[in-house]
2 protein chains.
Amino acid sequence: MQERSDTDGAERGRSVGRPRRRATIGDVAAQAGVSKATVSRVMNASRTVDPVIAERVRQAAADLEYRPSAVGRSLVLGRTETVGVVVPDLANPTFQELLRALSRAAAADDYRLLFADSSESPREEAILAADLRRHCDGVVLAAPRLPAEELATEVERLGPAVLYNRPGEPGSGAAVDYAGGILALARHLHELGHRQLVFVAGPSTSVSNRIRLAALREFETGHAGVRLQVVPGGVDFAAGYDAAEPVLATGATAAVAFNDLVAMGLLSGVHERGVDVPGQLAITGFDDIPFSGYTTPPLTTCHTPIEAAAHACWAHVRALLAGEEPPPEVLLPVELRVRASTGGAAAAAG
Amino acid sequence: MQERSDTDGAERGRSVGRPRRRATIGDVAAQAGVSKATVSRVMNASRTVDPVIAERVRQAAADLEYRPSAVGRSLVLGRTETVGVVVPDLANPTFQELLRALSRAAAADDYRLLFADSSESPREEAILAADLRRHCDGVVLAAPRLPAEELATEVERLGPAVLYNRPGEPGSGAAVDYAGGILALARHLHELGHRQLVFVAGPSTSVSNRIRLAALREFETGHAGVRLQVVPGGVDFAAGYDAAEPVLATGATAAVAFNDLVAMGLLSGVHERGVDVPGQLAITGFDDIPFSGYTTPPLTTCHTPIEAAAHACWAHVRALLAGEEPPPEVLLPVELRVRASTGGAAAAAG
DNA sequence: TCGGGGGGTGAAATCGTTTTCTCTCAAGGC
DNA sequence: GCCTTGAGAGAAAACGATTTCACCCCCCGA
């Protein structure tokens, strides 16, 4: 047996020219003088194969530099061992960390990640998710901007799909407790004596923006003397920077920004206008991104446990893929981080 | 024709229970009363199909919510229309931007990206790249940490593979002109009167670190009176922060950091020790990441055109996938960004 | 009227795996 | 010595698409 083909051997040399055809399971089988079934068994560490033959197969595979085709495998197995991730904006450190943690969690289960950035566009979001889904076993949508009803049908249609930061909606895997966090910030500012607050809002398509705003409104009605104003903002540094003028125009003594990026932009913007922070204006962010502790002054913000979020989402995905009942949605607790941008507890003002 | 099966119709209802089996091309063919070949032709917009039949097929596909399986397609086509990307550390804004731009470029060609983070480990790098490669048509390795020889065989073995920031090595698609950039920084500092320089180094596995160091050494020997010292650093904020003490111990008047992250950490570290920047110590970074203009003081650095890098790499990938001769390596020009952390041109010191 | 040509369609091969299912053979129990 | 059992291995049928090839049929020109 084991008739070797000379032409194959020749073609397989390190000819730099054309990319040599990759060896298939059939090639290995022929080279080792066994059937494809046996090669498959060896490759998948099945116990029912003669050690001598197994070794011969392994040798042949090594000689031919055989790498099993994931596509062929996926077709018969019915799964790709890949999941897709769609984020609204990778420029946001929050989503970077999420992607990283998610990729790590997936890797631990021998899964890999398909990535897409929707640029904050709900339209793109649905299209990208559907496209990704065709190539993998499931998707996680990070802070999707789609309206609730559309999102629900989208989740239904996508099959295994889990949501991050869409609390209470079908498919939700984990969500940050924005209400709790924003309340903590508001209380902190209130204790410092601030009564005139201004919220630098995020995108109107963002559910978490609505949650933040609702929490602030509730705080306003619950505390006599507190007055809340709102100025449009956005999601990034530039948005905060551009909001400096409108914010100062409100006459508020404290600004609650949609997130750290916006807060840092605002900080930079008011700084340029000679406004003292926190003396004339206190500023808070959200997320506690890596740089927020190193701005001047350092930013008071809420720390969100992104790694925990990623793990919760992955656990959800895994359950769905295994056909099991997914765990209940995880509401991630946030932690107030008081820094100098609000003057700390000591530098309170009237 | 068009005999419809009631059981199928029933099973296909929106039963929330088990995930209904996805319709295949065969189902659509049966429903429309045509062959699979015709369905395929309609799906791929082949001109040679009767408009009436085409419409019937489209209707059937819509009814069944048919989504062509990418896996089946990939198997017969021999390509997945997916490429993998391996980065050393997604926490670095440079790689975030690269990933984003690359994903956008890929999307424009109807390709998607598989993502992996090697955590700066050369071991992981090779493993991840090989794993990714099995699932896609090619890979791009961003600033790989593997030694040149190993990397070369790895690139050879991986098939279509392009390198970012490994100038001159086989498979290189694009690389930043670190030598030119670091020289511009050195000249800038020299003009300001600085003679005692200290380099806060990056990882020893980083080729671009060696390039930076070599350029500085060359500058040192080429300019009488200039003295260069080196302290170990790293790749992130913490590394720069921890380098504060060693840097100050050298007595140097200007510190050239491996990148912006390290520079910002250093800035923070020396700031805590009451050192004035740039009065007592000038600091430069590299990359011009989004925040570098907003530290206190803002960071003098070199801007690197990441988007151009991504496009060059993608062009390389695309050529490789099409079996064409890839374009020559692109050496990306950098731009000096003078800001307050070196005192600008005016605040020169002796 | 016949031949040729071309447009529209379907049957079947193909891609690279995994997994029944079948078969062989050797060992062990009665 | 016969029958059962089980282990090891191969042939073949999936999986879901694309594409070659052959076929049919209609129309046109001679």
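In what follows, chains carry the letters A, B, and so on, assigned in the order in which the sequence lines appear, proteins first and then strands, with residues in each chain numbered from 1. What you see is a predicted model, and the numbers here were worked out from it, not measured in a lab. Atoms considered below: every heavy atom in the structure, side chains included; atoms not considered: hydrogens, waters and symmetry mates.
- B:S119 and A:R104 share a side-chain donor-acceptor pair at under 3.5 Å.
- Taking the nucleotide of DNA chain C with the nearest heavy atom to each of B:I53 and A:K36, the more 5' of the two is matched to B:I53.
- The salt bridge (charged side-chain N to carboxylate O under 4.0 Å, His left out) analysis of residues 143-153 of chain A, with sequence neighbours excluded, yields the pairs A:E120-A:R145.
- Counting 5' to 3', DNA chain C first comes under 4.0 angstrom of a heavy atom of chain A and last does so at the ends given by C:dG16 to C:dT19.
- Contacts of A:D50 classified as salt bridge (charged side-chain N to carboxylate O under 4.0 Å, His left out), with partners at least two apart in sequence or in another chain: none.
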Which pairs of donor and acceptor atoms, one on a side chain in residues 81-88 of chain A, lie under 3.5 Å apart (sequence neighbours left out)?
{"residue": "A:E81", "atom": "OE2", "partner": "A:R79", "partner atom": "NH1", "Å": "2.7"}
{"residue": "A:T82", "atom": "OG1", "partner": "A:T80", "partner atom": "O", "Å": "3.2"}

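- Of the two residues contacting DNA chain D, namely B:A70 and B:R41, the nearest-nucleotide position lying further toward the 5' end is that of B:A70.
- More than 12 non-hydrogen atoms from other residues, nucleotides or ligands lie less than 6.0 angstrom from CD of A:E169.
- Legend: residues meeting salt bridge (charged side-chain N to carboxylate O under 4.0 Å, His left out) with B:D89, ordered by chain and number and at least two apart, are A:R100.
- Near-neighbour residues of DNA chain D inside residues 71-81 of chain B, defined by a heavy atom below 4.0 Å, number-ordered: B:G72, B:R73, B:L75, B:V76, B:L77.
- Across all strands, A:S40 comes closer than 4.0 Å to base atoms (heavy-atom distances).
- Listed by first and then second residue, the ring-ring contact (aromatic ring centres under 6.0 Å, His included) pairs that reach into residues 114-170 of chain A come to none, sequence neighbours excluded.
- Taking A:Y66 as the reference, nothing meets the ring pair (Phe, Tyr, Trp, His ring centres under 6.0 Å) condition, with sequence neighbours excluded.
- Residues forming a salt bridge (charged side-chain N to carboxylate O under 4.0 Å, His left out) with B:D131 (at least two apart in sequence, or on another chain): A:R112.
- Close approach of DNA chain D to chain A, defined as any atom under 4.0 Å from a non-hydrogen atom of the protein, starts and stops at D:dG8 to D:dG16.
- Within the nucleic acid shown, B:V39 has no heavy atom closer than 4.0 Å to any nucleic acid atom.
- Residue pairs meeting the side chain to side chain donor-acceptor pair (under 3.5 Å) criterion with at least one partner in residues 316-325 of chain A, sequence neighbours excluded, are A:D109-A:R318.
- Contact annotation for B:T48: base contact, defined as any heavy-atom pair under 4.0 Å involving a base atom.
- The salt bridge (charged side-chain N to carboxylate O under 4.0 Å, His left out) search around A:R41 returns none, not counting sequence neighbours.
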